[in-house]
Engineer: 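Here it is, the structure, as structure tokens.
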Amino acid sequence: MSMKEVWKAANPKGHLLTAISFLIPIVCGAGFIIAIGMALGGTAKDTLIAGQFTLWQAMATMGGKALGLLPVIIATGISGSIAGKPGIAPGFVVGLAANAISAGFIGGIIGGYMAGYLALGIIKKVKVPNWARGLMPTLIVPFLASLISGLAMIYIIGTPVGAFTDALTGFLKNMGTSSNLILGAVLGALCIVDFGGPINKTCFAFVLTLQAQGVNEPVTALQLVNTATPIGFGLAYFMGKLFRKNIYNEAEIETLKSAVPMGVVNIVEGSIPIVMNDIVRGIAAAAIGGACGGAVTMVYGADATVPFGGFLMIPTMSHPMAGIMALAVNIVVTGTVYALIKKDVPVEVPADDFGMDEEEDINMDDIKIS
């Protein structure tokens, strides 16, 4: 079997995307909890002592603790995707090991693959007596895969991964204005071109890795682009009127009524029906707007400490005006570009398109069944 066939059979990309699909709801739920808590004055604490914390501190702490387990979640998701239920425990253990030695999100990803393929190998290669077969998925596979992958993470993998992560973090923190502009523009454009698809998920995994090391601007750029894009398509409606153009039909206008509020809370998928009706122009406008918004985020240092929440992210920033400015630029550029490049469309679908006039009735006597 060639290396290409081995790679295809192993399907590492598919397993990563599956794990990220498990991760996103946790990020969304925990992100909203911590964002609301911090927006209303709460701060995350190491421990909550009875009678010594407010509701907002409790919310900030709950959300923070959940987000701190993201390396564990991604490792569990990857390992479980590879080996099924027997891979869940090894992924969980190796993710905890990655957290314990500060190997971070990258360590969680690597550990997840290691634990999953190790569990799968044990399932396929280790032969046990008939009486012990029932113990394979619940005891033998989880025990062996957890032990081996956990120790490998602690003694072999963790140190170089930690060193690499520290080097990457130091490089990003020391970048100049021009480098920040380029990184923000590339990240902002890439994360929106497939509206929550594989490219977006890959970017999300990358920026979560950086946030785990205290570099908050990249994840902020991605999430602000996701927030601004649906609102930008809403602004395009009014920009189109300014340019004396009808750029949306009735169905698209109804879609905007839900897509824009969804964008406010950082859900970009509501704008997909709009984009699907004119894919090239829709993606072009979103990418140009995202590039501008991402560049502003990185250059001016919008640095939300939460990885989700839409406008609720702004109070968690040390420079909230930078976040507001990035949103405004992204929204205006997306809306203006789409209004300019979009062709005129009829607000209503003409009846002639269906081969008959609006007032024309169907004469049932003229219909023949052959």
Side-chain angles (χ1 to χ4, degrees), residues 19-77 92 95-96 98-100 102 104-105 108 191 196 200-201 203-205 207-228 230-231 258 260-270 297 301-327:
I20 293 174
S21 71
F22 295 154
L23 180 83
I24 288 174
I26 297 171
V27 172
C28 296
F32 266 122
I33 291 172
I34 189 174
I36 293 171
M38 295 185 71
L40 296 175
T43 54
K45 294 178 171 290
D46 291 332
T47 56
L48 294 176
I49 301 173
Q52 298 184 22
F53 59 88
T54 66
L55 172 62
W56 313 125
Q57 288 172 333
M59 292 181 67
T61 302
M62 284 192 299
K65 293 295 185 184
L67 294 176
L69 291 176
L70 291 184
V72 182
I73 296 162
I74 196 73
T76 305
F92 187 81
L96 288 173
N99 250 7
S102 301
F105 204 73
C191 73
N200 178 278
K201 288 182 172 65
C203 291
F204 190 51
V207 296
L208 279 179
T209 300
L210 301 179
Q211 188 175 48
Q213 303 304 312
V215 183
N216 294 322
E217 291 83 359
V219 73
T220 305
L222 182 146
Q223 298 298 1
L224 290 184
V225 170
N226 285 345
T227 300
I231 304 172
S258 59
V260 171
M262 289 170 70
V264 170
V265 292
N266 208 346
I267 301 174
V268 72
E269 285 80 4
T297 300
D303 56 349
T305 56
V306 297
F308 195 81
F311 278 82
L312 290 174
M313 298 169 67
I314 293 174
T316 73
M317 299 177 187
S318 58
H319 303 96
M321 285 306 300
I324 294 171
M325 185 164 56
L327 281 170

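Only heavy atoms go into these numbers, but all of them, side chains included; no hydrogens, no water, no symmetry mates.
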Engineer: Taking all non-hydrogen atoms of both residues, which atom of I33 and which atom of M59 are closest, and how far apart?
Structural biologist: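 The answer is CG2-O, 3.1 Å.
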Engineer: Quick one: ring pair (Phe, Tyr, Trp, His ring centres under 6.0 Å) partners of F32, sequence neighbours excluded?
Structural biologist: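 Partners of F32 under the ring pair (Phe, Tyr, Trp, His ring centres under 6.0 Å) test: F308.
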Engineer: If you round to the nearest 0.5 Å, how far is OG of S258 from CD1 of I267?
Structural biologist: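 That separation rounds to 10.5 Å.
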Engineer: Counting N and O atoms only, with roles assigned by atom type, does the side chain of T297 sit under 3.5 Å from a partner on the main chain of A302, one being a donor and the other an acceptor?
Structural biologist: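 Flag not set: sc T297 to bb A302 has no pair under 3.5 Å.
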Engineer: For the residue pair M313 and A304, what are the closest heavy atoms and their distance?
Structural biologist: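 Taking every non-hydrogen atom into account, CE-CB, 3.6 Å.
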Engineer: Identify every side-chain donor-acceptor pair in residues 61-71 under 3.5 Å, counting partners at least two apart or on other chains, and give the distances.
Structural biologist:
residue	atom	partner	partner atom	Å
T61	OG1	K45	N	3.0
T61	OG1	Q57	O	2.7
K65	NZ	D46	O	3.0

Engineer: Partners of I26 by side chain to side chain contact (heavy atoms under 4.5 Å, CB included), sequence neighbours excluded?
Structural biologist: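 So I26 forms a side chain to side chain contact (heavy atoms under 4.5 Å, CB included) with I73.
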Engineer: What pairs with F105 under ring pair (Phe, Tyr, Trp, His ring centres under 6.0 Å), at least two apart in sequence or on another chain?
Structural biologist: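 Here no residue qualifies.
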Engineer: Could you tell me which residues satisfy side chain to side chain contact (heavy atoms under 4.5 Å, CB included) with F311, sequence neighbours excluded, listed by chain and number?
Structural biologist: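 Side chain to side chain contact (heavy atoms under 4.5 Å, CB included) check on F311 returns T227, I231, V264, I314, L327.
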Engineer: Please report the closest heavy-atom contact between P307 and Q211, naming both atoms and the distance.
Structural biologist: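 P307 and Q211 have their closest heavy atoms at CB-OE1, 3.4 Å.
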Engineer: Give the minimum heavy-atom separation between A75 and G108, together with the two atoms involved.
Structural biologist: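 Looking at all heavy atoms of both residues, the shortest contact is CB-O, 3.2 Å.
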Engineer: Restricting to side chain to side chain contact (heavy atoms under 4.5 Å, CB included), what partner residues turn up for A100, sequence neighbours left out?
Structural biologist: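 Residues passing side chain to side chain contact (heavy atoms under 4.5 Å, CB included) with A100: none at all.
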Engineer: Can you tell me which residue pairs pass the side chain to side chain donor-acceptor pair (under 3.5 Å) test with a partner in residues 19-38, sequence neighbours excluded?
Structural biologist: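 Counting only pairs at least two positions apart or across chains, no side chain to side chain donor-acceptor pair (under 3.5 Å) contact touches residues 19-38.
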Engineer: Between the main-chain N or O of L312 and the side-chain N or O of T316, is there a donor-acceptor pair closer than 3.5 Å?
Structural biologist: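 Checking the backbone N and O of L312 against the side chain of T316, no donor-acceptor pair under 3.5 Å is found.
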Engineer: Work out which heavy atom in A19 is nearest to a heavy atom in G77; give both atom names and the distance.
Structural biologist: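 Reported closest heavy-atom pair: CB-C, 3.6 Å.
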Engineer: Does a side chain donor of either T305 or N216 reach within less than 3.5 Å of an acceptor in the other side chain?
Structural biologist: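 No, N216 and T305 have no side-chain donor paired with an acceptor closer than 3.5 Å.
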Engineer: Of all the heavy-atom pairs spanning G309 and N266, show the shortest one and how long it is.
Structural biologist: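 Taking G309 first and N266 second, the nearest heavy atoms are N-ND2, 3.5 Å.
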Engineer: Mind checking side-chain hydrogen bond (donor to acceptor under 3.5 Å, both in side chains) for T43 and listing every partner two or more places apart, or none if nothing turns up?
Structural biologist: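 For T43, no residue satisfies side-chain hydrogen bond (donor to acceptor under 3.5 Å, both in side chains) once neighbours in sequence are set aside.
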Engineer: Test of understanding: with side chain to side chain contact (heavy atoms under 4.5 Å, CB included), list the residues that count as partners of T76, not counting sequence neighbours.
Structural biologist: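 Partners of T76 under the side chain to side chain contact (heavy atoms under 4.5 Å, CB included) test: V72, I88, F92.
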Engineer: With a 4.5 Å limit on heavy-atom distance, are the side chains of V225 and C191 in contact?
Structural biologist: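 Of all side-chain heavy-atom pairs linking C191 with V225, at least one is under 4.5 Å.
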Engineer: Is the shortest heavy-atom distance from the side chain of L210 to the side chain of V219 under 4.5 Å?
Structural biologist: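 No; the side chains remain at least 4.5 Å from each other.
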Engineer: Please report the interatomic distance SG(C203) to CG(L208), rounded to the nearest 0.5 Å.
Structural biologist: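 C203 SG to L208 CG: 11.0 Å, rounded to 0.5 Å.
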Engineer: Drop me the distance from M325's CE to H319's NE2, to the nearest 0.5 angstrom.
Structural biologist: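 Those atoms lie 10.5 Å apart.
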Engineer: Does the side chain of V306 come within less than 4.5 Å of Q223's, by heavy atoms?
Structural biologist: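 Side chain of Q223 against side chain of V306, heavy atoms only: no contact under 4.5 Å found.
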Engineer: Once you round to the nearest 0.5 Å, how far does CG of L222 lie from CG of N200?
Structural biologist: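 One gets 5.5 Å once the value is rounded to the nearest 0.5 Å.
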